[in-house]
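All residue numbers in this chain count up from 1 along the given sequence.
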Amino acid sequence: MIKINNTVRKIIFITAALCCITPYVEAPLALLLGFILSQTIGHPFPEYNQRAIKKLLPLSVIGLGFGMNIHEALKAGKEGLVFTMTSIALTLITGIILGRLFSVNKKSALLISSGTAVCGGSAIAAVAPIIEADKNEMSVSLATIFILNSVALFVFPVIGHYFNLSQSQFGLWAAVAIHDTSSVVGAAHRYGDIALQVATTIKLERVLWLIPISLIISIVYKHKTTSVKIPWFILFFIAAMLVNTFIPELHTTGEILVAVAKKGLTLTLFLIGAGLTTESLKAVGVKPLLLGLILWILVSVISLAAILEFV
């Protein structure tokens, strides 16, 4: 870690963040830039980082809705339903089995499996209180998922182009095989506008599976708390799609909101990269990371093979 004046650190960090909202910095570069700053000069505003991400990500997703057609979204959601259901069930079962084989803490294994199966950090945050996971178990699981998300943002578009995936195919694959909504949208945005629409729609449909999965886990763990929070931004995302579909007079405004949303997403990924501290990386350990990696590769390979064969 480079030791510099705190004021200088803040100036460098803010300048880098402002660069991320320019047309010259794409999502992968923003994530990498945030990570480099985290490892070299440190994050000057660590207490605000997670709060900023929680506000920026949903607002950016809502903004993307103003560029989507509800009819096309319903079609994409319907086509991805079978892939979503199958992949979630397969991931959870495989993750629990591998967790036992690798002697990974039972709760950490379930959190990593849930994060891989549904929606990354959001799933972990929803499941953790149900199984009464402690802070260390949550930290290990979140760090594992975030590391793999970061890799996916760079690797998936390259693989997609190698296999000549159409934008619709890539959007489906990204939504099924990448954990967090931020990385799904970031990778799909890099691939193309149609990929972005398909990926966002199917990923948010996937997020809704948190409700039945959380209820099932609460029954298995015989926990009294069965309430599950529905991500509020999904409703506003749907409303944005309806506005874009049925009020053509607002299309020009919608285009501006979509452009702002895309840069908001880029800034979100910068903050995610800045939040990957040395401490969080060290806390993961080999076994949980290996579990997450194998589980992620299995889901990615199987879903890619199915998409190439059937879609």
Side-chain angles (χ1 to χ4, degrees), residues 26-28 61 64-65 67-95 113-120 122-123 145 148-149 151-210 212-213 234 237-238 240-241 244-245 258 262 265 292-311:
E26 294 186 353
V61 171
L64 293 175
M68 299 184 187
N69 184 286
I70 189 68
H71 303 300
E72 294 176 359
L74 289 172
K75 181 182 177 183
K78 184 178 179 181
E79 291 174 349
L81 183 60
V82 174
F83 279 96
T84 297
M85 293 174 61
T86 305
S87 64
I88 288 175
L90 178 65
T91 303
L92 285 171
I93 294 170
T94 305
S113 301
S114 301
T116 305
V118 190
C119 53
S122 299
I145 293 298
L148 297 178
N149 268 324
V151 174
L153 191 60
F154 290 93
V155 171
F156 267 57
V158 175
I159 296 175
H161 287 300
Y162 178 81
F163 284 101
N164 293 315
L165 295 182
S166 68
Q167 289 201 32
S168 295
Q169 286 177 317
F170 183 83
L172 174 57
W173 185 44
V176 169
I178 302 179
H179 316 93
D180 263 342
T181 303
S182 56
S183 292
V184 170
V185 178
H189 171 41
R190 191 179 172 195
Y191 207 80
D193 287 340
I194 295 175
L196 176 61
Q197 292 184 26
V198 172
T200 305
T201 302
I202 296 175
K203 187 61 183 180
L204 295 187
E205 174 191 88
R206 197 179 183 85
V207 171
L208 293 175
W209 282 87
L210 265 179
I213 287 173
I234 295 180
F237 172 76
I238 295 171
M241 284 194 294
N244 182 63
T245 304
V258 170
K262 287 178 179 178
L265 175 68
L293 179 61
I294 292 176
L295 199 56
W296 178 51
I297 291 174
L298 283 173
V299 173
S300 300
V301 171
I302 292 173
S303 58
L304 177 59
I307 288 169
L308 288 171
E309 180 69 25
F310 301 112
V311 178

Self-check item: Evaluation steps, side chain to side chain contact (heavy atoms under 4.5 Å, CB included), between E205 and L81
Solution: CA-CA 8 Å; E205 174 191 88; L81 183 60; 4.2 Å; yes
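- No donor-acceptor distance shorter than 3.5 angstrom exists from the side chain of E26 to the backbone of R190, with no hydrogens or angles considered.
- Every side chain to side chain contact (heavy atoms under 4.5 Å, CB included) that V118 has, sequence neighbours left out, goes to A123, L210, I213.
- In plain terms, the two heavy atoms of T91 and L295 that are nearest each other are O-CD1, 3.7 Å.
- No hydrogens or angles considered: a donor-acceptor pair under 3.5 Å links the side chains of S303 and W173.
- For I88 against A117, the heavy-atom pair with the smallest separation is CG1-O, 3.3 Å.
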Quiz item: Going through the distances and angles, do S300 and F156 end up as a side chain to side chain contact (heavy atoms under 4.5 Å, CB included)?
Solution: CA-CA 9 Å; S300 300; F156 267 57; 3.5 Å; yes
Exercise. Any chance you could lay out the side chain to side chain contact (heavy atoms under 4.5 Å, CB included) test for L308 and L165, step after step, and finish with the verdict?
Key: CA-CA 8 Å; L308 288 171; L165 295 182; 3.4 Å; yes
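- The number of heavy atoms from other shown groups lying within 6.0 Å of CD1 (I194) does not exceed 12.
- A ring-centre distance under 6.0 Å is not found for F170 and H161.
- N149 contributes no side-chain N or O that, together with a main-chain N or O of S183, makes up a donor-acceptor pair within less than 3.5 Å.
- Looking only at distances, no side-chain donor or acceptor of Y191 sits under 3.5 Å from a matching main-chain atom of A174.
- Each of T116, V299, V184 was compared with H179 under the side-chain contact (heavy atoms from CB on, under 4.5 Å) criterion, and only T116 meets it.
- Residue V176 comes nearest to R206 through the heavy atom pair O-NH2, 3.2 Å, listed as atom of the first residue, atom of the second, then distance.
- The two atoms that bring G67 and N244 nearest to each other are C-ND2, 3.7 Å, heavy atoms only.
- Minimum interatomic distance between F237 and L204 (heavy atoms only, all atoms of both residues): CD2-CD1, 3.2 Å.
- Looking at residues two or more places apart in sequence or on another chain, you find a side chain to side chain contact (heavy atoms under 4.5 Å, CB included) between V155 and V151, I159.
- Residues K203 and T181 share a closest heavy-atom pair of CG-OG1, 3.9 Å.
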Self-check item: Pair D193-K262, side chain to side chain contact (heavy atoms under 4.5 Å, CB included): steps then yes or no
Solution: CA-CA 11 Å; D193 287 340; K262 287 178 179 178; 3.1 Å; yes
